[in-house]
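Step one of this worksheet: look at the structure below.
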Amino acid sequence: GAVVSQHPSWVICKSGTSVKIECRSLDFQATTMFWYRQFPKQSLMLMATSNEGSKATYEQGVEKDKFLINHASLTLSTLTVTSAHPEDSSFYICSAWRVGLSSGANVLTFGAGSRLTVL
Amino acid sequence: QKEVEQDPGPLSVPEGAIVSLNCTYSNSAFQYFMWYRQYSRKGPELLMYTYSSGNKEDGRFTAQVDKSSKYISLFIRDSQPSDSATYLCAMIPENDYKLSFGAGTTVTVRA
């Protein structure tokens, strides 16, 4: 089953409203989670690194005040898109490092993604 | 120049054919190499994971890493329509936590 869970999987909102996306690690603790953005037919773009108990680290060009990240516990990180506009419509995916059961090595595990459509 | 180069395709093959995917990279510090499969409107899922140079086989999938050429490959034997997806290569240096991704190659296996 899924070990990184995202909710909601699909959200439609009006321009100017805020939307919160949750990312949970289900059977492991994640002090660090990553938020990616993916436009159609393009690769993943890292937006920010979410750190439990401290401020997120944002990649260059990502607006901190627009994409609020909170990592309040070892199993939950949230991404809030504030005052959303149509250009924010995208697929948002979170991920976390966990130990692979078969390999024993750390592998980056992704959530199923959240599709945001801003009208 | 991007750190990881991957031909986005699309690639269309008949069922049963061998699918060959590859990526090149410029950062010689990369040590861990991964292939992810992403179905439409879903998050990526890890397919293969390789450390340093060499080959790794898992069922119908074979991953190859040639660090001297900075070139990695993924082969899918006896391809099935269910293999139709976007395949992303990813890599990371030792003791780092940020993956560098290729653009992804979209593959369609025709029944």
Side-chain angles (χ1 to χ4, degrees), chain A residues 1-11 21 23-25 30-51 57-60 89-117, chain B residues 2-11 21 23-25 30-52 54 56-59 61 63 65 84-108:
Chain A
V3 295
V4 175
S5 174
Q6 268 187 256
H7 178 81
S9 57
W10 193 297
V11 57
I21 300 170
C23 179
R24 294 180 185 274
S25 56
T31 56
T32 302
M33 291 184 175
F34 304 92
W35 287 96
Y36 290 83
R37 184 174 183 176
Q38 187 178 36
F39 290 106
K41 300 187 186 299
Q42 293 189 26
S43 191
L44 301 164
M45 282 179 45
L46 180 64
M47 298 174 65
T49 302
S50 172
N51 304 299
T57 306
Y58 290 82
E59 296 300 302
Q60 193 173 10
S89 299
S90 189
F91 194 50
Y92 294 89
I93 315 174
C94 69
S95 66
W97 287 99
R98 64 182 289 265
V99 177
L101 295 178
S102 58
S103 66
N106 286 328
V107 294
L108 190 64
T109 303
F110 288 86
S114 300
R115 183 162 301 281
L116 170 64
T117 300
Chain B
K2 293 181 183 177
E3 202 169 37
V4 181
E5 297 278 0
Q6 183 178 8
D7 187 341
L11 187 63
L21 305 167
C23 292
T24 58
Y25 62 94
F30 287 139
Q31 290 282 11
Y32 296 90
F33 303 89
M34 285 145 270
W35 286 95
Y36 284 85
R37 177 175 61 195
Q38 185 177 22
Y39 291 114
S40 181
R41 301 171 187 257
K42 298 290 184 184
E45 56 177 329
L46 182 67
L47 265 183
M48 300 286 284
Y49 178 97
T50 309
Y51 175 71
S52 194
K56 189 172 186 178
E57 191 172 315
D58 183 2
F61 299 90
V65 175
S84 298
T86 297
Y87 292 81
L88 299 123
C89 63
M91 44 200 81
I92 190 170
E94 192 95 51
N95 298 320
D96 202 340
Y97 62 91
K98 287 186 184 179
L99 279 181
S100 294
F101 283 92
T105 302
T106 300
V107 174
T108 301

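Note on naming: letters A, B, ... go to the chains in the order of the sequence lines (proteins, then strands), and numbering restarts at 1 for each one. These numbers come from the heavy atoms of this one structure, side chains and all, not from hydrogens, waters or symmetry mates.
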>> Once you measure the plane-to-plane angle for A:Phe34 and A:Trp97, does it fall in the parallel (<30°), tilted (30-60°) or perpendicular (>60°) bin?
In response: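 Geometry flag for A:Trp97 against A:Phe34: perpendicular rings.
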> For the residue pair B:Tyr49 and B:Tyr32, does the interplanar ring angle fall in the parallel (under 30°), tilted (30 to 60°) or perpendicular (over 60°) class?
Replying inline: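 Ring orientation, 0 to 90° scale: tilted.
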Measure distances from [X] to the heavy atoms of chain B and classify the residue's part below 4.5 Å as side chain, backbone, both or neither.
X       : answer
A:Ile93 : side chain
A:Thr49 : side chain
A:Gln38 : side chain

Could you look at [X] and say if it's the side chain, the backbone, both or neither that has a heavy atom under 4.5 Å from chain A?
X       : result
B:Pro44 : both
B:Tyr97 : both
B:Gln6  : neither

> What are the two closest non-hydrogen atoms of A:Phe39 and A:Ser89, and how far apart are they?
Replying inline: CE2-O, 3.6 Å
> Do A:Met47 and A:Tyr92 come within less than 4.5 Å of each other through their side chains, counting heavy atoms only?
Replying inline: yes
>> Any non-hydrogen side-chain atom of A:Cys94 less than 4.5 Å from a side-chain atom of A:Val4?
In response: yes
> Taking B:Leu46, B:Thr106, B:Leu99 one by one, which has the highest count of heavy-atom pairs under 4.5 Å against chain A?
Replying inline: B:Leu99
> Given the rule in the side-chain hydrogen bond (donor to acceptor under 3.5 Å, both in side chains) test, do A:Tyr36 and A:Glu59 qualify, once you have shown the distances and angles that lead to the verdict?
Replying inline: CA-CA 10 Å; A:Tyr36 290 83; A:Glu59 296 300 302; over 6 Å; no
